[in-house]
2 protein chains.
Amino acid sequence: MADRLTAEELAVALREAIHRLNRRVRQSRPVGDLTFSQLSALTSLQLAGALTPRELADVERVQPPTMTKIVGKLEERGLIERTPHPTDRRQVILAATERGRAVFGQFEKQRNEWLARHLQELTEDERDTLTRAAEILQQVAKA
Amino acid sequence: MADRLTAEELAVALREAIHRLNRRVRQSRPVGDLTFSQLSALTSLQLAGALTPRELADVERVQPPTMTKIVGKLEERGLIERTPHPTDRRQVILAATERGRAVFGQFEKQRNEWLARHLQELTEDERDTLTRAAEILQQVAKA
DNA sequence: TCACAGTTACTTAGCCTAGCTAATGAGCTA
DNA sequence: TAGCTCATTAGCTAGGCTAAGTAACTGTGA
(Lines give C-alpha, C1' and ligand atoms only; values in the text may rest on other atoms or scores of the structure.)
Protein backbone atom coordinates (compact mmCIF):
# COMPACT_ATOMS: atom_id res chain seq x y z
CA MET A 1 0.00 0.00 0.00
CA ALA A 2 0.89 3.64 -0.35
CA ASP A 3 3.24 4.90 2.31
CA ARG A 4 2.82 8.44 3.44
CA LEU A 5 5.05 10.50 1.13
CA THR A 6 6.50 13.93 1.72
CA ALA A 7 5.26 16.68 -0.56
CA GLU A 8 8.55 16.50 -2.38
CA GLU A 9 8.47 12.76 -2.95
CA LEU A 10 4.91 13.08 -4.13
CA ALA A 11 5.96 15.82 -6.52
CA VAL A 12 8.53 13.50 -8.07
CA ALA A 13 6.12 10.61 -8.38
CA LEU A 14 3.34 12.74 -9.80
CA ARG A 15 5.54 14.50 -12.27
CA GLU A 16 6.94 11.28 -13.64
CA ALA A 17 3.51 9.74 -13.92
CA ILE A 18 2.15 12.79 -15.69
CA HIS A 19 5.11 13.09 -18.00
CA ARG A 20 4.87 9.53 -19.23
CA LEU A 21 1.12 9.51 -19.48
CA ASN A 22 1.22 12.74 -21.41
CA ARG A 23 3.57 11.22 -23.97
CA ARG A 24 1.43 8.15 -24.26
CA VAL A 25 -1.73 10.14 -24.89
CA ARG A 26 0.01 12.37 -27.43
CA GLN A 27 1.33 9.36 -29.29
CA SER A 28 -2.14 8.08 -30.07
CA ARG A 29 -2.77 10.79 -32.63
CA PRO A 30 -5.08 9.96 -35.50
CA VAL A 31 -4.04 11.27 -38.92
CA GLY A 32 -5.12 14.73 -40.00
CA ASP A 33 -5.97 15.43 -36.42
CA LEU A 34 -5.79 18.43 -34.21
CA THR A 35 -2.90 18.51 -31.81
CA PHE A 36 -3.31 18.35 -28.11
CA SER A 37 -2.78 22.08 -27.67
CA GLN A 38 -5.13 22.99 -30.47
CA LEU A 39 -7.82 20.75 -29.08
CA SER A 40 -7.32 22.18 -25.62
CA ALA A 41 -7.66 25.74 -26.88
CA LEU A 42 -10.75 24.84 -28.88
CA THR A 43 -12.26 23.21 -25.81
CA SER A 44 -11.63 26.23 -23.62
CA LEU A 45 -13.13 28.45 -26.26
CA GLN A 46 -16.29 26.42 -26.50
CA LEU A 47 -16.69 26.20 -22.77
CA ALA A 48 -16.32 29.95 -22.45
CA GLY A 49 -18.33 30.80 -25.55
CA ALA A 50 -16.00 33.57 -26.67
CA LEU A 51 -12.69 34.96 -25.43
CA THR A 52 -10.00 37.39 -26.46
CA PRO A 53 -6.59 35.94 -27.30
CA ARG A 54 -5.19 37.24 -24.04
CA GLU A 55 -7.94 35.59 -22.03
CA LEU A 56 -7.50 32.34 -23.89
CA ALA A 57 -3.75 32.46 -23.35
CA ASP A 58 -4.33 32.93 -19.62
CA VAL A 59 -6.75 30.02 -19.46
CA GLU A 60 -4.34 27.82 -21.38
CA ARG A 61 -1.38 29.08 -19.40
CA VAL A 62 0.75 30.09 -22.36
CA GLN A 63 2.14 33.43 -23.50
CA PRO A 64 0.13 35.50 -25.97
CA PRO A 65 2.42 34.87 -28.97
CA THR A 66 2.05 31.15 -28.46
CA MET A 67 -1.70 31.53 -28.50
CA THR A 68 -1.50 33.61 -31.67
CA LYS A 69 0.09 30.62 -33.38
CA ILE A 70 -2.40 28.10 -32.10
CA VAL A 71 -5.32 30.35 -32.97
CA GLY A 72 -3.82 30.80 -36.44
CA LYS A 73 -3.81 27.07 -37.04
CA LEU A 74 -7.39 26.71 -35.85
CA GLU A 75 -8.49 29.62 -38.02
CA GLU A 76 -6.76 28.15 -41.09
CA ARG A 77 -8.83 25.03 -40.62
CA GLY A 78 -11.98 27.14 -40.31
CA LEU A 79 -12.66 25.92 -36.79
CA ILE A 80 -12.69 29.30 -35.09
CA GLU A 81 -13.08 32.87 -36.27
CA ARG A 82 -11.84 36.25 -35.23
CA THR A 83 -14.36 39.09 -35.02
CA PRO A 84 -13.64 42.69 -33.99
CA HIS A 85 -14.34 43.72 -30.44
CA PRO A 86 -17.45 45.95 -30.36
CA THR A 87 -15.89 48.85 -28.48
CA ASP A 88 -12.12 48.30 -28.27
CA ARG A 89 -10.57 48.01 -31.68
CA ARG A 90 -7.30 46.66 -30.33
CA GLN A 91 -9.03 43.54 -29.18
CA VAL A 92 -10.35 40.56 -31.07
CA ILE A 93 -13.09 38.14 -30.14
CA LEU A 94 -12.43 34.47 -30.76
CA ALA A 95 -15.24 31.96 -31.09
CA ALA A 96 -15.70 28.46 -32.49
CA THR A 97 -17.41 28.29 -35.86
CA GLU A 98 -20.28 25.98 -36.71
CA ARG A 99 -17.75 23.66 -38.25
CA GLY A 100 -15.48 23.95 -35.24
CA ARG A 101 -18.26 22.78 -32.96
CA ALA A 102 -19.19 19.96 -35.31
CA VAL A 103 -15.67 18.70 -35.82
CA PHE A 104 -14.79 19.06 -32.20
CA GLY A 105 -16.83 16.25 -30.66
CA GLN A 106 -15.56 13.74 -33.14
CA PHE A 107 -11.87 14.50 -32.63
CA GLU A 108 -12.32 14.77 -28.90
CA LYS A 109 -13.70 11.27 -28.89
CA GLN A 110 -10.83 9.81 -30.90
CA ARG A 111 -8.37 11.64 -28.75
CA ASN A 112 -9.70 10.12 -25.58
CA GLU A 113 -10.14 6.65 -26.93
CA TRP A 114 -6.82 5.25 -25.86
CA LEU A 115 -7.03 6.69 -22.37
CA ALA A 116 -10.68 5.79 -21.89
CA ARG A 117 -10.03 2.22 -22.97
CA HIS A 118 -7.30 1.81 -20.41
CA LEU A 119 -9.27 3.52 -17.68
CA GLN A 120 -12.05 1.04 -18.26
CA GLU A 121 -9.73 -1.75 -17.26
CA LEU A 122 -9.27 -0.25 -13.80
CA THR A 123 -11.47 -1.03 -10.82
CA GLU A 124 -14.27 1.36 -9.86
CA ASP A 125 -12.28 2.22 -6.81
CA GLU A 126 -9.27 3.20 -8.83
CA ARG A 127 -11.40 5.33 -11.11
CA ASP A 128 -12.92 7.09 -8.12
CA THR A 129 -9.44 7.88 -6.90
CA LEU A 130 -8.51 9.31 -10.29
CA THR A 131 -11.68 11.36 -10.39
CA ARG A 132 -10.83 13.00 -7.11
CA ALA A 133 -7.22 13.37 -8.21
CA ALA A 134 -8.24 15.15 -11.41
CA GLU A 135 -10.19 17.70 -9.39
CA ILE A 136 -7.30 18.29 -7.06
CA LEU A 137 -4.83 18.61 -9.91
CA GLN A 138 -7.03 21.11 -11.74
CA GLN A 139 -7.09 23.15 -8.58
CA VAL A 140 -3.32 23.00 -8.21
CA ALA A 141 -2.77 23.94 -11.86
CA LYS A 142 -5.02 26.95 -11.45
CA ALA A 143 -3.17 28.24 -8.40
CA MET B 1 -18.57 15.54 -4.08
CA ALA B 2 -17.33 13.57 -7.02
CA ASP B 3 -20.10 11.98 -9.04
CA ARG B 4 -19.38 8.65 -10.59
CA LEU B 5 -17.97 9.44 -14.02
CA THR B 6 -17.87 7.23 -17.09
CA ALA B 7 -14.43 6.16 -18.26
CA GLU B 8 -14.75 8.64 -21.09
CA GLU B 9 -15.68 11.58 -18.91
CA LEU B 10 -12.86 10.70 -16.58
CA ALA B 11 -10.48 10.58 -19.55
CA VAL B 12 -11.46 14.13 -20.50
CA ALA B 13 -11.11 15.43 -16.97
CA LEU B 14 -7.79 13.72 -16.39
CA ARG B 15 -6.33 14.76 -19.68
CA GLU B 16 -7.19 18.40 -19.13
CA ALA B 17 -5.83 18.35 -15.62
CA ILE B 18 -2.62 16.73 -16.76
CA HIS B 19 -2.22 19.02 -19.74
CA ARG B 20 -2.49 22.17 -17.69
CA LEU B 21 -0.39 20.92 -14.82
CA ASN B 22 2.28 19.82 -17.24
CA ARG B 23 2.48 23.31 -18.68
CA ARG B 24 2.64 24.83 -15.24
CA VAL B 25 5.47 22.60 -14.15
CA ARG B 26 7.40 23.20 -17.37
CA GLN B 27 7.06 26.94 -16.96
CA SER B 28 8.89 27.00 -13.67
CA ARG B 29 12.24 26.41 -15.31
CA PRO B 30 15.28 27.78 -13.53
CA VAL B 31 17.98 29.33 -15.75
CA GLY B 32 20.64 27.10 -17.25
CA ASP B 33 18.54 24.14 -16.33
CA LEU B 34 17.89 20.79 -17.86
CA THR B 35 14.61 20.41 -19.66
CA PHE B 36 11.89 18.15 -18.50
CA SER B 37 12.72 15.47 -21.05
CA GLN B 38 16.43 15.59 -20.37
CA LEU B 39 15.84 15.26 -16.66
CA SER B 40 13.48 12.38 -17.20
CA ALA B 41 15.99 10.52 -19.37
CA LEU B 42 18.75 11.14 -16.85
CA THR B 43 16.51 9.82 -14.10
CA SER B 44 15.68 6.65 -15.99
CA LEU B 45 19.32 6.13 -16.73
CA GLN B 46 20.35 6.43 -13.11
CA LEU B 47 17.59 4.15 -11.94
CA ALA B 48 18.61 1.51 -14.46
CA GLY B 49 22.34 2.01 -14.06
CA ALA B 50 23.11 1.72 -17.77
CA LEU B 51 21.04 1.32 -20.91
CA THR B 52 21.41 1.35 -24.67
CA PRO B 53 19.75 4.23 -26.55
CA ARG B 54 17.07 1.90 -27.80
CA GLU B 55 16.25 0.70 -24.29
CA LEU B 56 16.18 4.23 -22.98
CA ALA B 57 13.90 5.30 -25.82
CA ASP B 58 11.54 2.48 -24.92
CA VAL B 59 11.50 3.41 -21.26
CA GLU B 60 10.88 7.04 -22.11
CA ARG B 61 8.35 6.13 -24.75
CA VAL B 62 9.94 8.08 -27.58
CA GLN B 63 11.42 7.04 -30.91
CA PRO B 64 15.15 6.33 -31.15
CA PRO B 65 16.03 9.51 -33.09
CA THR B 66 14.37 11.59 -30.42
CA MET B 67 16.45 9.88 -27.80
CA THR B 68 19.60 10.44 -29.84
CA LYS B 69 18.97 14.17 -29.55
CA ILE B 70 18.26 14.14 -25.85
CA VAL B 71 21.29 11.97 -25.18
CA GLY B 72 23.38 14.36 -27.28
CA LYS B 73 22.39 17.29 -25.10
CA LEU B 74 23.15 15.42 -21.92
CA GLU B 75 26.50 14.31 -23.26
CA GLU B 76 27.41 17.88 -24.30
CA ARG B 77 26.87 18.90 -20.71
CA GLY B 78 29.04 16.03 -19.53
CA LEU B 79 26.23 14.45 -17.57
CA ILE B 80 26.26 11.10 -19.30
CA GLU B 81 28.73 9.22 -21.41
CA ARG B 82 28.63 6.74 -24.25
CA THR B 83 30.85 3.70 -24.02
CA PRO B 84 31.12 0.91 -26.59
CA HIS B 85 29.14 -2.23 -26.06
CA PRO B 86 31.51 -5.04 -25.03
CA THR B 87 30.42 -7.53 -27.69
CA ASP B 88 28.15 -5.78 -30.19
CA ARG B 89 29.87 -2.85 -31.84
CA ARG B 90 26.64 -1.45 -33.24
CA GLN B 91 25.40 -0.74 -29.78
CA VAL B 92 26.34 1.88 -27.23
CA ILE B 93 26.07 1.87 -23.49
CA LEU B 94 24.79 5.01 -21.83
CA ALA B 95 25.50 5.83 -18.21
CA ALA B 96 25.45 8.89 -15.97
CA THR B 97 28.86 10.38 -15.21
CA GLU B 98 30.07 11.36 -11.76
CA ARG B 99 29.08 14.89 -12.58
CA GLY B 100 25.71 13.75 -13.89
CA ARG B 101 24.93 12.09 -10.61
CA ALA B 102 26.12 15.10 -8.62
CA VAL B 103 24.27 17.68 -10.66
CA PHE B 104 21.16 15.60 -10.86
CA GLY B 105 19.85 15.86 -7.31
CA GLN B 106 20.19 19.60 -7.28
CA PHE B 107 18.26 20.20 -10.50
CA GLU B 108 15.70 17.64 -9.55
CA LYS B 109 15.05 19.58 -6.39
CA GLN B 110 14.64 22.91 -8.16
CA ARG B 111 12.46 21.31 -10.73
CA ASN B 112 10.05 20.03 -8.15
CA GLU B 113 9.99 23.12 -6.03
CA TRP B 114 6.94 24.74 -7.52
CA LEU B 115 4.90 21.57 -7.47
CA ALA B 116 6.04 20.53 -4.00
CA ARG B 117 5.17 23.94 -2.61
CA HIS B 118 1.67 23.73 -3.95
CA LEU B 119 1.21 20.15 -2.84
CA GLN B 120 2.12 21.20 0.66
CA GLU B 121 -0.90 23.45 0.75
CA LEU B 122 -3.23 20.51 0.24
CA THR B 123 -4.72 18.44 3.04
CA GLU B 124 -3.13 15.13 3.98
CA ASP B 125 -6.18 13.44 2.61
CA GLU B 126 -5.77 15.09 -0.76
CA ARG B 127 -2.10 14.15 -0.88
CA ASP B 128 -2.98 10.54 -0.11
CA THR B 129 -5.39 10.58 -2.99
CA LEU B 130 -2.70 11.95 -5.30
CA THR B 131 -0.22 9.35 -4.10
CA ARG B 132 -2.56 6.55 -5.05
CA ALA B 133 -3.43 8.33 -8.29
CA ALA B 134 0.25 8.59 -9.24
CA GLU B 135 0.65 4.84 -8.83
CA ILE B 136 -2.41 4.13 -10.92
CA LEU B 137 -1.32 6.54 -13.63
CA GLN B 138 2.14 5.02 -13.83
CA GLN B 139 0.50 1.67 -14.30
CA VAL B 140 -1.75 3.00 -17.05
CA ALA B 141 1.15 4.71 -18.81
CA LYS B 142 3.11 1.49 -18.80
CA ALA B 143 0.30 -0.53 -20.34
C1' DT C 1 -10.22 70.47 -24.81
C1' DC C 2 -6.71 68.44 -26.80
C1' DA C 3 -2.04 66.75 -27.51
C1' DC C 4 1.00 63.60 -26.24
C1' DA C 5 3.08 60.12 -23.09
C1' DG C 6 2.28 55.94 -21.31
C1' DT C 7 -0.10 51.63 -21.39
C1' DT C 8 -2.43 47.71 -23.39
C1' DA C 9 -3.54 44.18 -27.09
C1' DC C 10 -2.21 41.58 -30.62
C1' DT C 11 1.05 40.18 -33.97
C1' DT C 12 5.62 39.32 -36.13
C1' DA C 13 10.25 37.72 -36.06
C1' DG C 14 13.47 34.74 -34.52
C1' DC C 15 15.03 31.38 -31.47
C1' DC C 16 15.09 26.65 -29.11
C1' DT C 17 13.23 22.03 -27.73
C1' DA C 18 10.61 18.01 -28.65
C1' DG C 19 8.52 15.06 -31.32
C1' DC C 20 8.09 12.44 -35.78
C1' DT C 21 9.48 9.62 -40.39
C1' DA C 22 12.75 8.34 -43.90
C1' DA C 23 17.19 7.30 -45.15
C1' DT C 24 22.08 6.00 -44.19
C1' DG C 25 25.92 3.34 -42.64
C1' DA C 26 28.03 0.11 -39.77
C1' DG C 27 27.95 -4.31 -37.81
C1' DC C 28 25.84 -8.72 -36.80
C1' DT C 29 23.92 -13.37 -38.23
C1' DA C 30 22.15 -17.14 -40.78
C1' DT D 1 26.52 -12.88 -49.22
C1' DA D 2 21.66 -11.26 -47.94
C1' DG D 3 19.17 -9.45 -44.83
C1' DC D 4 18.37 -7.70 -40.32
C1' DT D 5 19.28 -4.51 -36.31
C1' DC D 6 21.22 -0.41 -34.05
C1' DA D 7 22.37 4.21 -33.92
C1' DT D 8 22.60 8.28 -36.22
C1' DT D 9 21.61 12.03 -39.63
C1' DA D 10 18.54 14.86 -42.30
C1' DG D 11 14.59 17.26 -42.59
C1' DC D 12 10.02 18.27 -41.17
C1' DT D 13 6.16 20.20 -37.89
C1' DA D 14 4.36 21.92 -33.53
C1' DG D 15 4.77 24.31 -29.39
C1' DG D 16 6.99 27.04 -26.32
C1' DC D 17 9.61 31.42 -25.25
C1' DT D 18 11.39 36.65 -25.51
C1' DA D 19 11.91 40.94 -27.88
C1' DA D 20 10.23 44.20 -30.85
C1' DG D 21 6.66 46.46 -33.59
C1' DT D 22 2.09 48.49 -34.55
C1' DA D 23 -2.31 50.08 -33.53
C1' DA D 24 -5.51 51.81 -30.28
C1' DC D 25 -6.97 53.36 -25.86
C1' DT D 26 -6.48 56.49 -21.60
C1' DG D 27 -5.31 59.95 -18.56
C1' DT D 28 -3.07 64.12 -17.38
C1' DG D 29 -1.32 68.90 -17.82
C1' DA D 30 -1.39 73.18 -20.25
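So you know, we letter chains A, B, ... as the sequences are listed, proteins then strands, and number each from 1.
Note: CD1 (I93(B)) to C1' (dC6(D)) measures 12 Å, nearest angstrom. Following rounding to the nearest Å, R54(A) (CZ) and dT11(C) (C1') show an atom-to-atom distance of 13 Å. The nearest whole Å value for the distance from the CG atom in D58(B) to the P atom in dC6(D) is 9 Å. If you measure from atom CD of Q63(B) to atom C1' of dA7(D), you get 13 Å, rounded to the nearest angstrom. In this structure, Q38(A) atom CD and dA14(D) atom P are separated by 7 Å, rounded to whole Å. Spacing between atom CG of L74(B) and atom P of dA7(D) amounts to 16 Å, rounded to whole angstrom units. Residue L56(B) contributes atom CG, which lies 13 Å from atom P of dA18(C) at whole-angstrom precision. Regarding L39(B), its CG atom lies at a distance of 15 Å from the P atom of dT17(C), rounded to whole Å.
By the salt bridge (Lys or Arg N to Asp or Glu O under 4.0 Å) test, R89(B) pairs with no residue at all, sequence neighbours left out. Residues that satisfy the side-chain hydrogen bond (donor to acceptor under 3.5 Å, both in side chains) test with R101(A), not counting sequence neighbours, are E98(A). Here R54(A) pairs with D58(A) under the salt bridge (Lys or Arg N to Asp or Glu O under 4.0 Å) rule; sequence neighbours left out. In this structure T87(A) satisfies the side-chain contact (heavy atoms from CB on, under 4.5 Å) test together with H85(A), sequence neighbours excluded. In this structure A7(B) satisfies the side-chain contact (heavy atoms from CB on, under 4.5 Å) test together with L119(A), Q120(A), sequence neighbours excluded. Considering only residues two or more places apart in sequence or on other chains, R90(B) meets the salt bridge (Lys or Arg N to Asp or Glu O under 4.0 Å) condition with D88(B).
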Are any protein N/O atoms closer than 3.5 Å to N/O atoms in nucleotides 28-30 of chain C? If there are, list each pair with its distance.
residue : atom : partner : partner atom : Å
dC28(C) : OP1  : T87(B)  : O            : 3.4
dC28(C) : OP1  : R89(B)  : N            : 2.7

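Residue P64(B) is in base contact, counting any heavy-atom pair closer than 4.0 Å across all strands shown.
Regarding contacts with the backbone of dA18(C), a side-chain N or O of T35(B) is found under 4.0 angstrom from either OP1 or OP2. Of the side-chain N and O atoms in R61(B), none sit less than 4.0 angstrom from OP1 or OP2 of dC20(C).
R132(A) has no carboxylate O lying under 4.0 Å from a charged side-chain N of E126(B), or vice versa, which leaves the two without a salt bridge.
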Per-pair distances, 0.1 Å, donor-acceptor, side chain in residues 66-76 of chain B, under 3.5 Å, sequence neighbours excluded:
residue : atom : partner : partner atom : Å
T68(B)  : OG1  : P64(B)  : O            : 3.2
E75(B)  : OE1  : R82(B)  : NH1          : 2.3

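Scanning both residues, G49(B) and A95(B), for their nearest heavy atoms gives O-CB, 3.8 Å.
Applying a 4.0 Å cut-off to non-hydrogen atoms, the residues of residues 65-73 of chain A that approach DNA chain C are P65(A), T68(A), K69(A), listed by residue number.
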